[in-house]
Enquirer: 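My questions all concern the structure below.
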Amino acid sequence: MIELKKVWMDGKLVSRQDAKIDILTHALHYGCAVFEGIRCYKTKNGSAIFRAKEHTKRLLDSAKIMQMSIPYSEKELIAGMKQTIKANGLKECYVRPLVFYGLGSMGLNPLKANIQTAIMVWPWGAYLGKEGLEKGVRCKISSFQRHHVNSMMTKAKLSGNYPNSILAKLEAVRLGFDEAIMLDTHGLVSECSGENIFYVRDGVLYTPLRTSVLEGITRDSVMAIAKDLGISIKEEVTTRDQLYVADEVFLCGTAAEITPVREIDFRVIGDPGPITKKIQQVFFKAIRGEIPRYQRWLGFV
Ligand code: PPE
């Protein structure tokens, strides 16, 4: 079981045993909750939350899309994350704020339900495995499509969006792959079950348009790093066969960090290439506070 001692629940720290919810919690029935996934890393100046402001802004934006009003400000939420990390005695961890409709109404109109806010933390290693980080993972184009942009709001990190990812992930894993790459309803590449995707061809770095993807904060970090390295980068409509013939492919997300892709649908991409390795190297230094220009991304606990 994941170790978690203290939870920030509606503004106060409580023990995990006391962070209980009722069986009639609205979100449990209808999936209407917004959340974030953030990492806190050990640096030589202490633990730091990576891009806490951007993640918190996205949490507030997700809530705005769902018309949920979070009763805490960006500052209060970030302070809550820091308090939870300290209370659990962790130097390095994953941070999960979750805002959900609690009690007060059943049925599809949630307006009478109260809004609850929780922050949890736990240690989390390499999401797609240590070997995956070093040598690359094997991916499958999913038979499940990413949501149509007018069916589910892909800019919201909404709990109810994730059964789509879970269907894709289960299919990929049961077929023997590590991760699923999802196409949108036009048949174009969007993102993975829990990561954005990049590929390299002839020295240029590409990533699909934002249209049907979650606007990943790691995606944004990768783009900033690439720009600073002088690598030319394009956001473009992408077909699956462009991935098959790419020189390099990698996935990125808070949990997966930067994970190279070695194979897609049995087409070999190969060992992690020079651009992937360079971006990975800079990213891993940036999160640990080893590059002055990216210190702005660190929120010290
Ligand atoms: N797309 C999706 C669908 C997604 O879930 C994530 C994060 C991303 C892109 C990348 O976003 P960002 O973390 O801001 O770079 N996925 C979370 C999945 C973890 C989980 O299993 O839960 C994450 O990486 O935290």
Side-chain angles (χ1 to χ4, degrees), residues 2 4 31 33-41 49-62 65 81 92-98 100 118-129 132-133 137 139 142 144-149 151-170 172-173 178-184 189-198 207-226 235 238 250-259 261 279-280 283-284 286-287 294 297 299:
I2 286 173
L4 167 68
V34 294
F35 69 102
E36 268 305 318
I38 312 170
R39 276 191 191 265
C40 170
Y41 292 101
I49 306 180
F50 187 66
R51 306 201 68 177
K53 271 180 173 244
E54 292 84 348
H55 280 283
T56 310
K57 169 81 169 54
R58 189 172 65 187
L59 181 72
L60 294 166
D61 284 347
S62 297
I65 291 172
M81 291 173 210
E92 193 153 307
C93 58
Y94 191 75
V95 183
R96 165 61 51 82
L98 176 70
F100 56 99
I119 302 172
M120 294 143 275
V121 295
W122 62 84
W124 227 5
Y127 190 63
L128 296 172
L133 267 187
V137 293
C139 294
S142 184
F144 294 97
Q145 293 178 324
R146 207 79 188 119
H147 302 286
H148 185 281
V149 290
S151 298
M152 292 301 275
M153 304 293 102
T154 59
K155 300 297 166 282
K157 200 165 165 70
L158 172 66
S159 298
N161 281 350
Y162 280 84
N164 176 245
S165 289
I166 290 171
L167 286 168
K169 182 79 180 187
L170 279 176
V173 168
D178 302 300
E179 183 54 296
I181 298 172
M182 303 188 71
L183 306 179
D184 66 16
V189 176
S190 62
E191 59 182 339
C192 298
S193 72
E195 303 87 15
N196 292 111
I197 188 162
F198 282 85
T207 192
L209 298 176
R210 288 153 188 257
T211 324
S212 63
V213 307
L214 181 74
E215 293 173 312
I217 287 154
T218 322
R219 178 186 187 273
D220 183 73
S221 307
V222 165
M223 287 169 76
I225 290 169
E235 289 179 82
T238 301
F250 64 87
L251 315 179
C252 72
T254 299
E257 299 168 312
I258 293 173
T259 301
V261 174
I279 292 174
Q280 225 186 10
F283 178 80
F284 283 120
I287 57 181
Y294 302 124
W297 287 341

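Computed from a predicted structure; not experimentally measured. Whatever order the structure lists ligands and atoms in, that order sets their numbers, starting from 1.
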Enquirer: Tyr162 versus ligand 1: do any nitrogen or oxygen atoms come within less than 3.5 Å of each other?
Expert: yes
Enquirer: What protein heavy atom sits nearest atom 13 (O) of ligand 1, and how far away is it?
Expert: Thr254 OG1, 2.6 Å
Enquirer: Of the side chain and backbone of Glu195, name the one, both, or neither that has a heavy atom under 4.0 Å from an atom of ligand 1.
Expert: backbone
Enquirer: May I ask you to identify, for Ser165, whether its side chain, its backbone, both or neither come under 4.0 Å of ligand 1 on a heavy-atom basis?
Expert: neither
Enquirer: Holding to ring-ring contact (aromatic ring centres under 6.0 Å, His included), I want the full list of residues that pass it with Phe50, two or more places apart in sequence or in another chain.
Expert: Phe283, Trp297
Enquirer: Measuring from the heavy atoms of Lys157, does anything fall under 4.0 Å of ligand 1?
Expert: yes
Enquirer: Does any N or O atom in Gly253 lie less than 3.5 angstrom from one in ligand 1, N or O only?
Expert: no
Enquirer: Regarding Glu235 and Arg219, does a basic nitrogen lie under 4.0 Å from an acidic carboxylate oxygen?
Expert: yes
Enquirer: Looking only at N/O atoms, are Ala255 and ligand 1 under 3.5 Å apart anywhere?
Expert: yes
Enquirer: Tell me, which protein residue and heavy-atom name are nearest atom 1 (N) of ligand 1, and how many Å apart are they?
Expert: Glu191 OE1, 2.6 Å
Enquirer: For ligand 1, is there an N or O atom under 3.5 Å from any N or O atom of His55?
Expert: no
Enquirer: Should Thr218 be counted as touching ligand 1, given the test is an N or O pair under 3.5 Å?
Expert: yes
Enquirer: Quick one: do the Ser221 and Arg51 side chains pair a donor with an acceptor below 3.5 Å?
Expert: yes
Enquirer: Out of curiosity, is Arg96 lining ligand 1, as in a heavy atom under 4.0 Å away?
Expert: yes
Enquirer: For atom 6 (C) of ligand 1, tell me which residue out of Gly216, Ser221, Cys252, Gly194 has the closest non-hydrogen atom.
Expert: Gly194
Enquirer: Should you measure from each heavy atom of Ser193, which atoms of ligand 1 turn up under 4.0 Å away?
Expert: 3 (C)
Enquirer: So which protein heavy atom does atom 20 (C) of ligand 1 come closest to, and at what separation?
Expert: Tyr127 OH, 3.4 Å
Enquirer: Looking at every heavy atom in both Glu257 and Tyr41, which two are closest together, and how far apart are they?
Expert: OE2-OH, 2.6 Å
Enquirer: With sequence neighbours excluded, tell me which residues meet side chain to side chain donor-acceptor pair (under 3.5 Å) with Ser190.
Expert: none
Enquirer: What do we get for Glu36 next to ligand 1 when only non-hydrogen atoms under 4.0 Å count, side chain, backbone, both or neither?
Expert: neither
Enquirer: Could you tell me whether Lys155 atom NZ has more than 12 heavy atoms of other residues or ligands within 6.0 Å of it?
Expert: yes
Enquirer: Looking at ligand 1, does any of its N/O atoms fall within less than 3.5 Å of an N/O of Trp124?
Expert: no
Enquirer: Sort out for me which residue in Leu251, Leu214, Val137, Ile181 forms a side chain to side chain contact (heavy atoms under 4.5 Å, CB included) with Glu195.
Expert: Leu251
Enquirer: Are Lys169 and Glu179 ion-paired here, with the side-chain N under 4.0 Å from a carboxylate O?
Expert: yes
Enquirer: Given side chains that start at C-beta, do those of Thr56 and Met81 come closer than 4.5 Å, heavy atoms only?
Expert: yes
Enquirer: Before signing off on this row, confirm whether Arg146 and ligand 1 have an N or O atom pair separated by under 3.5 Å.
Expert: no
Enquirer: State whether Glu215 and Arg58 are salt-bridged, where the test is any N-O pair (Lys NZ or Arg NE/NH1/NH2 against Asp/Glu carboxylate O) under 4.0 Å.
Expert: no
Enquirer: Got the closest protein heavy atom to atom 25 (O) of ligand 1, with its distance?
Expert: Tyr94 OH, 2.4 Å
Enquirer: Mind listing the closest non-hydrogen atom pair of Ser159 and Phe35 along with its distance?
Expert: OG-CD2, 3.6 Å
